[in-house]
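First comes the structure, then the notes that go with it.
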Amino acid sequence: MTDSVAAPPRPADVSAASSPLAEIDIGGMTCASCAMRVEKALAKVPGVASASVNLATDTASVAGTADSGALVDAVRKAGYEATLRVLPDASAADDSATEAAAAVTRTKRAQSQREFAALLVSAILTLPLAAPMAAEWFGVHAMLPPWLQLTLASIVQFGFGARFYRAAFRALRARAGNMDLLVALGTSAAYGISVYQMAFHPGDVAHLYFEASAVVITLVRFGKWLEARARRQTSDAIRALNALRPDRARIRVGIHEREVPLAQVNVGAVVIVRPGERVPVDGVMLEGRTHVDESLITGESLPVPKQPGDALTAGSINGEGAIAITTRATGAETTLARIIRLVESAQTGKAPIQRLVDRVSEVFVPTILALAVLTLTGWLLAGAGAETAILNAVAVLVIACPCALGLATPAAIMAGTGVAARHGVLIKDAEALETAHGVTIVAFDKTGTLTLGQPSVTAFEPTGGMDRDDALALAAAVQRHSDHPLARAVVSAARDAGVDIGLQADAVSSLATVQALTTAASHARAVPGRGVEAQIGDEIFALGSTHWLTELGIQLEPHLRERAAQLEAAGNTVSWLMRRDPATHVASALALIAFGDTVKPTARAAVARLAQMGVRSVLVTGDNEGSAASVARALGIDEVHANVLPEDKARVIHDLKIRSAGIVAMAGDGINDAPALAAADIGMAMATGTDVAMHAAGITLMRGDPALVADAIDISRRTWRKIRQNLFWAFVYNLVGIPLAAFGLLNPMLAGAAMAFSSVSVVTNALLLRSWRGGQAGKSGQSR
């Protein structure tokens, strides 16, 4: 933000991620190969610009102009179930969309209960087959009769294992492979060899392997159930945010109050919120005083005091007083709804590292099938019996499940973005999360980012003998309708001085009559990097920086320049009230205005934490050198770029990237920070700032707290570390397990158990991120 520039008013808002054309719930995906096949099928639909399938959420996000029906058909032709979840226009999402999402949640919960019931019955039928094997270790020989083994195994194989056959058939029909194909082939081989032994060697009970096929099917189903249960926990952040939405609101109509469905509340309606209730809409407090708990939205742990004129956010909890709110946004346009869309977008996106996993999974199943054939052939050529060769090939097929590979990245991203959202850090997409882990430099804006952004007028000195109150009234007139902190400071100073800024008139004829005439200036506009100007009567009045004053060709008296330098050296921001003739363009200075600001209480600790993490802080501001240097000294920042225009901020960021050869982040909050936020490798915008800044940034910080910058980098590093750990273990399971199985050191049952454990361990490792607490960045040190 250029610190001496007034910006026009703006509504409080949160940047909404670009909505995809459609979001589709996908049913039947079991591994990374499935996700790749669905993605390819969607990409082939005419009009699709991009398609991304997330195995952890069982969803596909598609952007482009393709017909939604064609997308669903493409998924179904690929052999999977598809249900359109979000219509193309996400901004149209209202209570009906919320209800649809709730219906999907209920369906998944019911499906989970059915899965558990089926798993329980499968386990009960498998236990009599597996128990005699365990008893053998203790010298107990109690094998079931062959016909009973066949009966139990057949029910498990073709009843509870039918899902694997169906999915394998769909994969073969699409000329592709997946985990279900491996399981179906492996268990069918074990079952088939047992039937063969039973038919041709009826007395050889020791060489029946019905328990192997049944145990593998039960273990795989158990692993998938555990995996699905863990995956649902990674979506807790979304469910918690959705739970903040009240279904009804109490509105005031005349002198009466009545409760209505939230969908019937319109902008402008007066909503009554009693103590302990959730605020149902975004709005401005009209009546009452209270404290509001905004912790689940901004991450702020303490209740925030609110009074008339303060903004309130849907989903926050009213404290001790009944309040009245003028509605400013409802439904999909509320801050809460936009936060939910942003988190969903981040969780369904793909990190760049996922491309490597996709390439591996694309050839994984065909490779495993080839290895199983080689294992079978190798054992036969080595002189082993067909029985041994088949069992070892089955073990290779069973252990080589690519589920863990497919879940490694999305599970960590879901957990990381979810916990970040609960602590007030909104990450726009997976790429931003991945980029932030490598940040080596953070360039900070000053006003509103490192300072409170609530400056006060420390000096107001008219020039040329002009009356002070007249000059103050003019300054307030120019700034009156701006929401910029410096504008509020000028208006506040005018009111404190007793200057009437609310009189009405039509024009200004001379400076002598300014106080008797209107100060509701017309044609007010912000001039980026310079200040703000407005028309009062027939003249243009402006309030802006020394740089702008110089550009307008205004010559200052030596004593004024000296005075301005003194104020800047003391850490003040200096602006000038100027008058410009629109006909002749001749300009003159009317008053010198100095502003003082206060450094945010957490700013110094935030800079220190970043230093402990190996991240260097740089100050980039449009303010003068004296003010910038004063703040830098107070915070321990050793590199300062002052008097930087908005277009030059991007250049400074570019230079930092070249000099450091590292990842450069930019933290800011103003319109004028947008170019720098976009130019940085990763932009971090304060949600207390402007919408433009948040749209340009990859990360939005829901509180104006610079400590969240360190938190964002820390959670990114921890998430990145989990991704690498997950990928390591996913590859290790296969690199170690497949050779063991091929060389006969791993029987099919142990292979099935290892395969199930691999998927569960990857998701469980990602869930450890949920224990992260903000403010630990310094403790993490250099950990990446």
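Remember, predicted model here, so these are calculated numbers, not experimental data.
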Could you pull out the closest heavy-atom pair between L769 and A412, with the gap in Å?
CD1-O, 3.6 Å
When rounded to the nearest 0.5 angstrom, what distance separates CG in N392 from CD in E387?
10.5 Å
Measuring from H437:NE2 to R721:CZ, what's the distance to the nearest 0.5 Å?
10.5 Å
Which atom of I682 lies closest to which atom of T435, heavy atoms considered
CB-CG2, 4.3 Å
R76 (side chain) donor-acceptor with A82 (main chain) under 3.5 angstrom
yes
Where do L397 and L369 land on the side chain to side chain contact (heavy atoms under 4.5 Å, CB included) test, with the steps shown first?
CA-CA 7 Å; L397 291 173; L369 290 173; 3.9 Å; yes
Are side-chain heavy atoms of F210 and L152 found at a separation under 4.5 Å?
no
Can a donor-acceptor pair be found, under 3.5 Å and without considering hydrogens, that links the side chain of E81 to the backbone of G28?
no
Step-by-step side chain to side chain contact (heavy atoms under 4.5 Å, CB included) determination, D25 to D58
CA-CA 6 Å; D25 283 302; D58 290 323; 5.7 Å; no
In terms of ring plane angle, is the pair W729 and Y733 parallel, tilted or perpendicular, where the classes change at 30° and 60°?
tilted
Between A393 and A372, what is the shortest heavy-atom contact and its length?
CB-O, 3.6 Å
F158, CZ: over 12 other non-hydrogen atoms inside 6.0 angstrom:
yes
Of all heavy-atom pairs linking E115 and R221, the shortest is OE1-NH2, 3.2 Å
Within this structure, what is the OG-CD distance for the pair S761 and Q725, rounded to the nearest 0.5 Å?
11.0 Å
Tell me every residue that passes side-chain hydrogen bond (donor to acceptor under 3.5 Å, both in side chains) with T187, counting only those two or more places apart in sequence or in another chain.
Q157
How about L129 and V215: do any of their side-chain heavy atoms sit closer than 4.5 Å?
no
Distance, nearest 0.5 Å, that separates CD1 of I155 from CD1 of I217
12.0 Å
Before you tell me yes or no, could you show the steps for I193 and V394 under side chain to side chain contact (heavy atoms under 4.5 Å, CB included), namely the whole-Å CA-CA distance, both residues' side-chain angles and the distance that decides it to 0.1 Å?
CA-CA 11 Å; I193 195 174; V394 167; over 6 Å; no
For T126, enumerate each residue passing the side-chain hydrogen bond (donor to acceptor under 3.5 Å, both in side chains) test, keeping only those at least two apart in sequence or located in another chain.
T218
To the nearest 0.5 Å, how far apart are OG1 in T417 and CZ in R422?
10.0 Å
Heavy-atom nearest pair, A66 first then L71, reads CB-CD2, 4.0 Å
Please name the pair of heavy atoms, one in L768 and one in S771, separated by the smallest distance, quoted to 0.1 Å.
O-OG, 2.7 Å
V53 side chain near M29 side chain, heavy-atom distance below 4.5 Å:
yes
Going through the distances and angles, do V396 and F743 end up as a side chain to side chain contact (heavy atoms under 4.5 Å, CB included)?
CA-CA 9 Å; V396 170; F743 286 103; over 6 Å; no
For S188, what residues pass the side-chain hydrogen bond (donor to acceptor under 3.5 Å, both in side chains) criterion, not counting sequence neighbours?
Y165
Looking at W720 and L433, would you say the former's side chain and the latter's main chain have a donor-acceptor pair under 3.5 Å?
no
Nearest 0.5 angstrom please: I427 CD1 to I413 CD1, how far?
9.5 Å
